[in-house]
Amino acid sequence: MKKTILTGLRPTGNLHLGHLFGAGQNYVKMQDEYEFFLEIADVQALTDNFNNPEKVRKNVYELTMDLLAIGVDPHKVNLFIQSKIPEIAELTVFYSNLVTIARLYRNPTVKSEVSQKKELFGNDGESITYGFLGYPVSQAADITALGGEVVPVGDDQLPLLEQCREIVRKFNNIYGNVLSEPEAVLSNTSRLKGLDGNEKMGKSLGNAIFLIDSEETISKKVMDAVTDPSKIRKDDPANPDICMVYYYHKLVTPKDDLKTVCSECRNGDRGCVACKKELIKNLCDFLQPIKDRRKQYEDDPLLVQKILSDGTNKARERAKATMKQVKEAMKIDY
Ligand code: TRP
């Protein structure tokens with residue numbers, strides 16, 4: 001029997017290289033060995049985008065196409081839309097009795113997100129909504145409704161997984177052994193740095209290369225990338241280890257060429273402009289097959305719809321079965 005994976009993504013923007021190297025490639029690797037449910041978490045996205053429903057709706061399709069483009073195989077992975085599974089919302093209500101408000105306020109992920117969202121939730125988070133504070137409860141419902149045993153996530157999500165496990169334990173203690181505790185699997189052991197040298201590549205940080213970026217956009221971004229600041233003239237020797245251009249060469253440039261990049265840089269035999277141009281070409285070559293695959297889906301929106309509705313139907317069956325057990329255990333199976 002295959003184990004079940006459940007993970008989710010908020011549809012708030014397109015995927016970038018950080019997503020691909022941090023998580024996406026992992027999904028593609030794991031899709032053969034697991035029963036895989038991949039949630040497009042539109043309800044969760046609305047917790048901090050409730051005032052921008054168009055953005056969330058658009059990105060449900062954008063994200064789905066990005067995932068298919070990187071090689072998520074719809075025959076192996078059930079891609080589904082969170083809001084189409086009402087059992088998740090129902091389960092969230094039941095779980096909300098098992099979580100204290102103090103515990104939610106203490107959740108480190110929620111804390112740091114609230115402090116980043118001053119415009120939405122106020123300077124000290126004094127305007128935080130019930131929905132946002134409670135999204136870890138809803139995420140616990142995502143995972144357990146689908147019977148997720150393995151949850152591939154970034155390290156920022158670990159506190160949410162811990163909170164989910166607490167809810168599961170509390171539920172089982174009170175109502176009987178119905179749910180199983182999910183296990184987190186870190187998918188971004190090495191987080192991809194941004195073009196500016198920032199530890200994290202992020203949409204809001206403006207330092208990301210998106211999978212759908214055109215050659216022109218990639219050129220602009222790479223031309224602005226941070227290099228060894230001690231290199232002034234094109235034949236100054238430099239240190240590739242502190243250069244973001246070299247950092248990205250390591251991801252997409254063939255091994256032999258990479259050696260040349262490195263030694264020429266150290267010896268002062270290559271200028272940054274030429275080096276950047278080579279990177280731009282290699283990035284474009286690397287992204288081309290992803291773009292080609294994406295194009296097939298862009299040209300066939302009905303196919304994308306069908307993939308989502310097939311995945312959603314599968315997810316719904318699972319969630320209904322869980323719900324039946326939950327309601328029996330809670331003595332609300334009237
Ligand atoms: N909170 C996750 C994120 O922002 C997305 C998510 C929603 C998720 N539901 C999930 C992740 C369930 C793992 C399991 O990236």
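This chain uses plain numbering: 1 for the first residue, then up along the sequence. Each ligand, and each atom within it, is numbered from 1 in the order the structure gives.
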Task: ligand 1 to Tyr135 polar contact by distance, N or O atoms, under 3.5 Å - done: no

Open item on the list: Any salt bridge linking Arg10 with Asp48? Criterion: basic side-chain nitrogen under 4.0 Å from a carboxylate oxygen.
Closed with: yes

TODO: Using distance alone, determine whether Gln44 and ligand 1 share an N or O pair under 3.5 Å.
DONE: yes

Open item on the list: I need the nearest protein heavy-atom contact for atom 9 (N) of ligand 1: residue, atom name and distance, please.
Closed with: Asp142 OD2, 2.8 Å

Task: Numbered atoms and elements of ligand 1 in range of Val151, under 4.0 angstrom, heavy atoms - done: 13 (C), 14 (C)

Task: Those atoms of ligand 1 less than 4.0 Å from some heavy atom in Thr7 - done: 11 (C), 13 (C), 14 (C)

Task: Identity and separation of the nearest protein heavy atom to atom 5 (C) of ligand 1 - done: Gly8 O, 3.4 Å

Open item on the list: Show the atoms of ligand 1 that are less than 4.0 angstrom away from any heavy atom in Leu6.
Closed with: 12 (C), 14 (C)

Task: Those atoms of ligand 1 less than 4.0 Å from some heavy atom in Ala41 - done: 7 (C)

Task: Test: Asp241 and Arg266 ion pair at under 4.0 Å - done: yes

TODO: Run through Thr253, Val252, Leu251 and flag the one making a side-chain contact (heavy atoms from CB on, under 4.5 Å) with Leu283.
DONE: Val252

TODO: Could you tell me whether Glu87 and Arg316 make a salt bridge, using a distance below 4.0 angstrom between a side-chain N and a carboxylate O?
DONE: yes

- [ ] Among all protein heavy atoms, pick out the one at the shortest distance from atom 3 (C) of ligand 1; state its residue, atom name and that distance to 0.1 Å.
- [x] Gln157 NE2, 3.5 Å

Task: Numbering as shown, the atoms of ligand 1 that approach Ile143 to under 4.0 Å (heavy-atom distance) - done: 12 (C), 14 (C)

- [ ] Scan side-chain atoms only and decide if Asp292 and Gln288 contain a donor-acceptor pair under the 3.5 Å cut-off.
- [x] yes

Task: Proximal atoms of ligand 1 relative to Glu39 (non-hydrogen, under 4.0 Å) - done: 7 (C), 9 (N)

TODO: Measure the CZ-CG distance between Arg294 and Asp66 for me, rounded to the nearest 0.5 Å.
DONE: 4.5 Å

Task: Side-chain touch Leu17/Leu192, heavy atoms, less than 4.5 angstrom - done: yes

Open item on the list: Taking Leu98 as the starting point, is it possible to reach Tyr135 by hopping between hydrophobic residues whose side chains are less than 4.5 Å apart?
Closed with: yes

- [ ] Please could you name the atoms of ligand 1 that Arg10 approaches to less than 4.0 Å, counting only its heavy atoms?
- [x] 4 (O)

